[in-house]
Amino acid sequence: MSEFCDVALPVPLDIVFTYGIPEEMQPVIGGRVLVPFRQQRMSGVVTDLHERKPKVQTKNLIRVLDPAPVLDEQLIRLGRWIADYYLAPIGEVFRTMLPLGAEFKRAIGYRITEEGQLALHLAGMSGSSARSQKTPEDQLAEFRVLDYLAERDMTREESVRTATRVSKTILNGMVRKKWIIREDLSEARDAARTVKVAVLKSVEGQLNANQQTLIDTLAAAGGKVPVEALQSLEVPRSTLATLVKRGAVGMLDEPAEFTMSKLKARPHLFDFQFNSAQQAALKNIQEHVDAGKFAGMLLHGITGSGKTAIYLAAMRAVLEAGRSAILLVPEIGLTPAVAADLHQLFGEEVAILHSGLSDKERAEQWHRIKRGDARMVVGTRSAVFAPVSDLALVIVDEEQDPSYKQEEMPRYHARDVAVMRAKMANAVVVLGSATPSLESYFNAKKNKYALLELPDRVEKRPLPEVEIIDMRQEFQETGSEQVISRKLAEEIKERLERKEQVMVLLNRRGYSPVVLCRACGKTLECKNCAIAMTHHKRSHRMECHYCGYTAPVPKACIHCGSEYVYFLGTGSEKLEELLHGMFPQARIGRLDRDTVRGREDFERALNALDEGELDLLVGTQMIAKGHDIHGVTLVGVVGADMALGFPDFRAAERTFQLLTQVAGRAGRGQTPGKVVLQTYFPDHYAVQYAAQHDFAGFYDKELRFRSWMHYPPYSALANVLVRSNKLDEALRWSGILGKWFEKTRHEGIRVLGPAVAPILRLKQDYRYHFVVKSASRSKLNGLLRSMLAYAAEQKIPRTQMIVDVDAIWLM
Ligand code: ADP
Ligand code: ZN
Ligand code: ZN
C-alpha cells in the first residue's frame, strides 16, 4: 500500500501535488481523485503512487472517484508529451483530455462562526451599530443571513441565497469579517442521463376508458414504456398518476439510450465503383494498417476527388477486423446529415463528438467509447483523445484547418497530436486535404509521410476555369469603386437565366467594416480592442468581431461631434443587399456567422441550395468548406485576398487555400464550372497559382520563401505574448523579457521583439510579443522553459503570458 500519491490538478502551475492516502482508500494511476486545494475542492488525475514523504505537510485525499483508470498508460504518455511540447501544465492537459466535467458538481457552503453568533446577538439588542458606513439594507441583509444560519449546520449557497435574497458581495463581505465560513462542498455525481419509464404491475378493479387505453398500450409494448412516449396518447396526464396511486403502474428511472440524429441517411451512400486512384490509395492505407506499425500518410486529393469515400472504406475495414479508428473533422462539417450517414455505415458502433453535445451527452459518449461499445469515433478537435483501445487508424480530414489548433491552454494542434498518438499506438495516421499545410506537404516531400495523390475529380469531371478580374483596372475603367465587377455581374445574369446556381464569397461579415469621420479622420473603435467596429445593418448596431462588444450606430462622430460620419467598405450583409438590387428576381441566401448559429442552420442553408430553393448563396469562408452541391456552376470571389495585406507569414498560404477551396465548389455536377476571381493583387503568386490549380507550383514557391525567412516548416516557431490591462505593466514586463533574451543570447535561436502585437489591444489587454524561431525544436523548447522560470522569478504572472508553440496566428 502506498502512502502518498501525486495528483495533476487543473491549475496554471507546472507541477503535480502530493497527497496522503487514508487507509481505506485505493487510488489508481490514471484515475481521478477529489482533493482539497487552497480553499477549494478539485478533481485531478493520479500520476504516481509512492512512499516518498514530502518535506512539507501534506493533506489527505477526500475521495477516490475512479476505482479503475480513466486514462490508460498510452493516454497518460500522450498527455505528458503535450505538456512538454506545448509547455502546458499537465493537470490542464488531462482536464482537456477527459470530457467528464458533468461528473463533478461545484458547490459552496456556509456556516456561522462564533463571531457571527455574537454579531447576531448584538444586532438583536441594539438594532444597528452606530459607526457602520453601510446602508441599512445591507445590514438587514446580513442580519437575515446570520439569522438563517444560526440554527443550521453547513448549508449550500443556493439555499442561503434563495432564503435570504442576498448578493454574493454581501456573503463575501461577511466571510471577510469572519462572521461566516465558506467551504467547498464540490462532489462527484452520477452524470448518467435517465428517463422515466412506466411499468405495468397488477391491475385490480374497474378501469375507465382512459385508464384502459393506458394499460392496453403498456401491455402491448411488453409492460414497459417511457413516460414521454405515453404523452402522445390522447389521455389526460392525471390518468397515469391515478394508476400509479392505485398501484397498477410503477415508475422507474432507466438510463437514457443515446439517440442519434433522427434524420434519414441518404439512400445510396456508396453506389459507385472506386476509381483506380481511390483503389490504390485505399489499398496502400490498408496494407499499412495490416502491418501493425506506425505509418504517416498524406492523402492529397483535389476538390471532388472522392477522399471521404476512402476514409469511410478504410474505417469499415478496421471495424471488420475488430479494431478501432478515429476520424477528425473540422467543426462545421459535422452536420446532422453526415451523422446519419455515419450511423447507417457503422450502426451502433459509431460515437459522434461535436460541440453541440451537452456535458452529460459528452460524458456518455466517452463512456460508450471507453467500454468498447463504440469503436468508430468521429469528432472535432478533442476527439483525438477518445479512449479507444486497439487503435488502428487515425484520419484527419482537411488537416490544414485552423480549427484543429486550440486557442487556449493547452494550445495543442490536434493534427500533430494525432500523429503522436498513432506513433505511440503503432497505428496509421492519414492526413487528408485538397490543400495540405506547408508543414505536412514538406514532411511528405521529405518522406516522413507517404504521399497518396488523387489528381483527378471523380468521373473525370474537369476543374473549373478561373478568370481573374483586376479590380484596380475595373476602377479605372468605370471611374468608381465596384463591389461586383461588370464581368461577374454578366456571368451571374447568364447563370440565373439558365437556371443554374451561383455562390459568391466575401470573407467578411457585417454590413460595413469601417465607420469614418470625414471631419476629424477618426474611426469608431471598440472600447476593449484596438479594432474598428463593424456596422450590422439588420440588427441596428456596431459590433466588434474580436470581443463581441456592441454599441449603438453613431449619428455623429463620437470624437468631434461632426455629422459627417461615413460607413465604408462592404461585408457579406451589404453584398446580399447589393445582389438583391441587381437581381430582384433571384432567390438569395446568406451563410455567415450572423445567419448560422449552429450546424443545423448550416445544413439548412446548404439543403435549400441543393434542393433548388435558392439561386444564389452569398457568404464568408463558410461557403467554401467541404460540401458537394451539384447545381453550382459559378463561383464569384468578391473578396478573399484581404489577408494578403496582413503582417502574417501564413497569409499567402491561407489565401491560396481559401481560393482553392471555394473554387472547388464549382462544377461538381454534370455541367462544368467557372470561377470569377476579383482581386486587387492579380499578380500575387497565391492568386496566380490558385487560378491555375497549380498546387505543386505554389508549394515550391512558398517553401523557398519560408526557407529564406527561417519560417516553419524550416524552423520551429513560438509566439510569446505578454499582456496586461495596464499599458505600462505590459511594456515593463516585455522590457524585462526583452533584456533577458538579449543577455542570454542563444546560439541557433532567433528572437524577434519585443514588438507591439499586430492588435495592440484586445479584450482590454495591451499586448506585446516576441517571435522565437529555431531549427532545433529542443533548443526552442529549452529556451522557452528558462524564460518562463525567469518570468516567474520576476513576478510576471503566468496567466499574463501566452506561450504559443507552433502558433498559427501571430495577431
Ligand atoms: P472530396 O472530399 O475529395 O472533395 P468527396 O469525397 O466529397 O470529395 O466526393 C465528392 C462526391 O463524389 C461525393 O458525392 C461522393 O459520393 C462522390 N464519389 C466519390 N467517389 C466516387 C466515384 N468513384 N465515382 C462516382 N462518385 C464518387
Ligand atoms: Zn470626428
Ligand atoms: Zn473588441
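Read the numbers this way: they start at 1 and go in the same order the structure lists the ligands and their atoms.
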| field | Degrees at the Zn ion (ligand 3) between the SG atom of Cys547 and the SG atom of Cys544, nearest 10° | value |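 With the Zn ion (ligand 3) as the vertex, SG (Cys547) and SG (Cys544) sit 110° apart.
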
| task | Over 60° means perpendicular and under 30° means parallel, so classify the ring planes of Phe656 and Phe698, tilted if in between. | result |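 Ring orientation, 0 to 90° scale: parallel.
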
| task | If the plane angle is over 60° it's perpendicular, under 30° parallel, otherwise tilted; pick one for Tyr699 and Tyr441. | result |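 Parallel: the ring planes of Tyr699 and Tyr441 meet at under 30°.
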
| query | With backbone taken as N, CA, C and O and side chain as the heavy atoms from C-beta onward, which portion of Gln273 lies under 4.0 Å from ligand 1: side chain, backbone, both, or neither? | reply |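 Just the backbone.
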
| query | Is it the side chain (CB and beyond), the backbone, both or neither of Val458 that lies under 4.0 Å from ligand 1, heavy atoms counted? | reply |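 For Val458, the contact with ligand 1 is made by the side chain alone.
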
| field | Options Ser433, Gly432, Gly306, Ser276, ranked by nearest heavy atom to atom 8 (O) of ligand 1, top entry | value |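 Shortest heavy-atom distance from atom 8 (O) of ligand 1: Gly306.
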
| request: Counting heavy atoms only, name the option from Phe272, Tyr311, Phe274 that's nearest to atom 19 (C) of ligand 1. | output: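 The residue whose heavy atom sits nearest atom 19 (C) of ligand 1 is Phe272.
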
| said: Under a 3.5 Å cutoff, is there a donor and acceptor pairing between the side chains of Thr435 and Gln661? | reply: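 Short answer, yes.
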
| Out of curiosity, is Arg457 lining ligand 1, as in a heavy atom under 4.0 Å away? |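 Heavy atoms of Arg457 never come under 4.0 Å of ligand 1.
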
| said: Looking at ligand 1, is there an atom of it that comes within less than 4.0 Å of some heavy atom belonging to Gly301? | reply: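 False for this residue.
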
Between [X] and ligand 1, does any nitrogen or oxygen pair lie at a separation below 3.5 Å?
X	result
His630	no
Ser305	yes
Gln278	yes

| Contact check, side chains of Ile623 and Arg665, non-hydrogen atoms, under 4.5 Å |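 Side chain of Ile623 against side chain of Arg665, heavy atoms only: no contact under 4.5 Å found.
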
| request: Please report the closest heavy-atom contact between Leu614 and Gly589, naming both atoms and the distance. | output: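 Heavy atoms of Leu614 and Gly589 come nearest at CD2-N, 3.8 Å.
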
| message | Give me the atom names and distance for the closest heavy-atom approach of Ile302 to Ala434. | response |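 Minimum heavy-atom contact is C-CB, 4.0 Å.
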
| said: Please check: side-chain N/O of Asp592 versus main-chain N/O of Thr595, any donor-acceptor pairing under 3.5 Å? | reply: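 Pair found, side chain donor or acceptor close to backbone of Thr595.
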
| Near Asn275, which atoms of ligand 1 are under 4.0 Å from a heavy atom of that residue? |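 Near Asn275, the atoms of ligand 1 are 23 (N).
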
| said: Only heavy atoms of Asp628, strictly under 4.0 Å: list the atoms of ligand 1 that pass. | reply: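 Under 4.0 Å from Asp628, ligand 1 has these atoms: 10 (C), 11 (C), 13 (C), 14 (O).
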
| message | Any N/O/S atom from Cys517 (main chain or side chain) under 2.8 Å of the Zn ion (ligand 2)? | response |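 Short answer: yes, at least one N, O or S atom is under the cut-off.
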
| So what does the Cys520 SG - the Zn ion (ligand 2) - Cys560 SG angle come to, to 10°? |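 So the angle at the metal works out to 120°.
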
| task | Go through the steps for Tyr766 and Leu760 under the test side-chain contact (heavy atoms from CB on, under 4.5 Å), then give the verdict. | result | CA-CA 6 Å; Tyr766 293 92; Leu760 165 63; 4.1 Å; yes

| request: For salt bridge (Lys or Arg N to Asp or Glu O under 4.0 Å), just list the numbers for Asp594 and Arg538, CA-CA rounded to whole Å, side-chain angles, deciding distance to a tenth of an Å, and then say yes or no. | output: CA-CA 10 Å; Asp594 297 316; Arg538 200 164 308 168; over 6 Å; no

